[in-house]
Amino acid sequence: MSLLNIFTIIYTSSLVAPLMVLLLGFVIKYIYTRCRRDPRMVELANTLPGPRGFPLIGNGLDFHLREDALQLVLEYKEKYGDVYRLWIGNTLAIFFSNITDVENVFMNSKILGKPQLFKPFRDFFGDGLFTTYSIPKWRRNRRHFQSLFIPGAVGIYVAEINEKVYHAVDKMKELVDGPEFDVWESMGHLSFDVMNKTLMNAEVNERDVATMQYHTSITIAQTICFKMLCLPWLQHEILKWFFYKNKIQRLRRNIVSFVRKLIEKKECEIKQQIEAHKNKTVEDIPPKRLITLAYELTEQGKDDSIMIDELITMLAGGTGSPGILGSFFLLAVAIHQDIQNRLYDELYEVFGDGDRMADEDDIARFPYLDKVLKETLRRFPILPLMFREVEDDTKIGNRLIPAGTMVVVSVGAIHFNPEYYPDPWKFNPENFNAEAVEKRPKLAFLAFSAGPRNCIGIHFAMLQMKLTLIALLRNYSIYTKMKMDDIYMNNGFPTVSVNGFKLTLKQRIRKPTYLLCNE
Ligand code: HEM
């Protein structure tokens, strides 16, 4: 009997009505169990202020519909204070911006995992350091990579970073005295080149189809992830399968295939490096690169997903944020010409009008550059929210937070708190004077997060940024028509400027700016 016949018999028989009722019952029960909120979360939520959310959907739409996420975070803080709650679907999310609570969150060993709602990030980028909620796995891999990123270790990359930076600076010559351009693309490509050269020991051709597909896939994947985080019902397996299955598979395939090709090219070298370290066959063996360390995570004959996922994580983390930070920095100093002049004069003190490249010892000679960079990170928080999930019931302050609750540190609200930064909307590098830093709590600056799960790449990122900005400012004077009021942080992960980073360049006249002003 065919399927069609069975349907015909059911349809024409008296079984239709009871079957329909049964089916409806199943659907209602399914929706009810999926959408039911944990009663302990509801009880806690009732004690906290927060906006009303839609039933089932919660408040994620607020973020999805707003163009400027940072502004929304600040509005919520203004309205509801330092601790408030939102519902993201049926997950309770508690937002903190009081330093004592924030310290309790970051230092709590029961709050180390990333939320279940980060699942879309795992679909695209895999289960690497940034996304994984398996704490044993995170601990093991973080320890494995840590030695590469300590302050004393990153200095060995100065020459390689400089090589890439000077290549980019040279390419920018064609923009001198030309029309306005958006600097984000150049800065993004530069940090991608630097990551590949230093940590992967690889040269990547930007015009290669696989490279272009990789970049496009990362950008689209980040947009989809943020959307699915705000609208968590899209994460439901059925809806995801229906709307996103092909896209997820295609983008993930592009991302993985780029990284896999990189490893294939380097495999021979990686094996030699591992052997050399095992047998100490060569004197002064250079330290292992990231790609070698990642390779070591794959045991012989086992699947290579751990290596692939960690490399994707590092590449994405090490490329996106530095590219955006460099762009915000250049935009800010183009708007504040007085700050740019002071930066150049500091560089002139060390290099004069010569062409010598900066070396490792030079880096500590630019305290003003350090302040301007930190002020850029404060004023433009690229990751304005940090997410964690409570593993076991735990206390934050006097509140018992049930397992499964999402806790969110509101970095944006802290960086714009006038108690720590007077006149917080003003771009003011003096916020990072020794006395100002001394006066406020350490956790009032959270650009790289804090605690054991902070950014592993801080020292690498700061070194790379300083070498890049030193070379750019020594060669070019930077201008823009944009004003501070034109800059809105978009709604994304990471966030960028909605109106772009539009600059014009002039060749730098290598004289201290205080002399030029008098001429
Ligand atoms: C301007 C540059 C950068 C900024 C602003 C930045 C920011 C951050 C922040 C805020 C986190 C922690 C998020 C959280 O607490 O949930 C993080 C994590 C991470 N970052 Fe960075 N980052 C930068 C550069 C880099 C670089 C250059 C690398 C790699 C070379 C990198 C690799 C990572 C990784 C692997 C994690 C996950 C760490 C873990 O969970 O153990 N980042 N980053």
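Counting convention: from 1, in listed order, for ligands and their atoms alike. For reference, positions follow the sequence shown, starting with 1. Everything numeric here is computed off the predicted structure, so don't read it as measured data.
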Quick one: side chains of residues 404-411, donor-acceptor pairs under 3.5 Å with protein atoms, not counting sequence neighbours, listed by atom name and distance.
from : atom 1 : to   : atom 2 : distance (Å)
T405 : OG1    : P402 : O      : 2.7

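Each of the atoms 10 (C), 13 (C), 14 (C), 15 (O) of ligand 1 lies under 4.0 Å from some heavy atom of M386. Taking every non-hydrogen atom of A447 and a distance limit under 4.0 Å, the qualifying atoms of ligand 1 come out as 5 (C), 7 (C), 10 (C). Heavy-atom proximity to N454, at under 4.0 Å, picks out these atoms of ligand 1: 38 (C). For ligand 1 and L129, the ligand atoms under 4.0 Å from any heavy atom of the residue are 39 (C), 40 (O). Numbered from 1 in the order shown, with element, the atoms of ligand 1 that lie under 4.0 Å from a heavy atom of W138 read 39 (C), 40 (O), 41 (O). Atoms of ligand 1 lying under 4.0 Å from any heavy atom of P322, numbered from 1 in the order shown and given with element: 1 (C), 2 (C).
Between D304 and R260 a salt bridge is recorded (basic side-chain N to carboxylate O distance below 4.0 Å). K466 and D370 are joined by a salt bridge, as a carboxylate oxygen and a charged side-chain nitrogen come within less than 4.0 angstrom of each other. Between R378 and E375, at least one side-chain nitrogen of the basic residue sits less than 4.0 Å from a carboxylate oxygen of the acidic one, meeting the salt-bridge criterion. Comment: E203 engages K164 in a salt bridge, judged by a side-chain N to carboxylate O separation of less than 4.0 angstrom. Classification of E346 and R365 as a salt-bridged pair fails, no side-chain N sitting under 4.0 Å from a carboxylate O. Taking 4.0 Å as the cut-off between side-chain N and carboxylate O, D309 and R252 count as a salt-bridged pair.
Contact annotation: for Q464 versus ligand 1, there are no heavy atoms closer than 4.0 Å. Using a 4.0 Å cut-off between heavy atoms, R142 contacts ligand 1 through its side chain alone, with no backbone atom that close. Only the side chain of K114 comes within contact range of ligand 1, with a heavy atom under 4.0 Å; no backbone atom does.
Between F63 and Y76, the ring planes are perpendicular. Angles over 60° get that label, and only those under 30° would be called parallel. Relative orientation of the F416 and W425 rings is tilted, given thresholds of 30° and 60° on the angle between their planes. Ring planes of F121 and F130: perpendicular class, angle over 60° (limits at 30 and 60°). Ring geometry for Y214 versus F192: interplanar angle under 30°, hence parallel rather than tilted (30 to 60°).
Summary of contacts: the protein heavy atom closest to atom 12 (C) of ligand 1 is S449 CB, 3.6 Å. Closest to atom 9 (C) of ligand 1 among all protein heavy atoms lies L383 CD1, 3.7 Å. For atom 1 (C) of ligand 1, the nearest non-hydrogen atom of the protein is L325 CD2, 3.4 Å.
Taking only nitrogen or oxygen atoms, main chain and side chain alike, M195 does not reach within less than 3.5 Å of ligand 1. Residue T313 has no N or O atom closer than 3.5 Å to an N or O atom of ligand 1.
At least one heavy atom of R388 sits closer than 4.0 Å to an atom of ligand 1. Heavy-atom separations between F149 and ligand 1 include at least one value shorter than 4.0 Å.
A distance below 6.0 Å separates the ring centres of H336 and F427.
Partners of R342 by salt bridge (charged side-chain N to carboxylate O under 4.0 Å, His left out), not counting sequence neighbours, listed by chain and number: E430. Scanning for side chain to side chain donor-acceptor pair (under 3.5 Å) contacts around Y133 gives Q116, with sequence neighbours left out.
Neighbouring protein atoms of atom 21 (Fe) of ligand 1 (N, O or S, distance under 2.8 Å, waters ignored): C455 SG.
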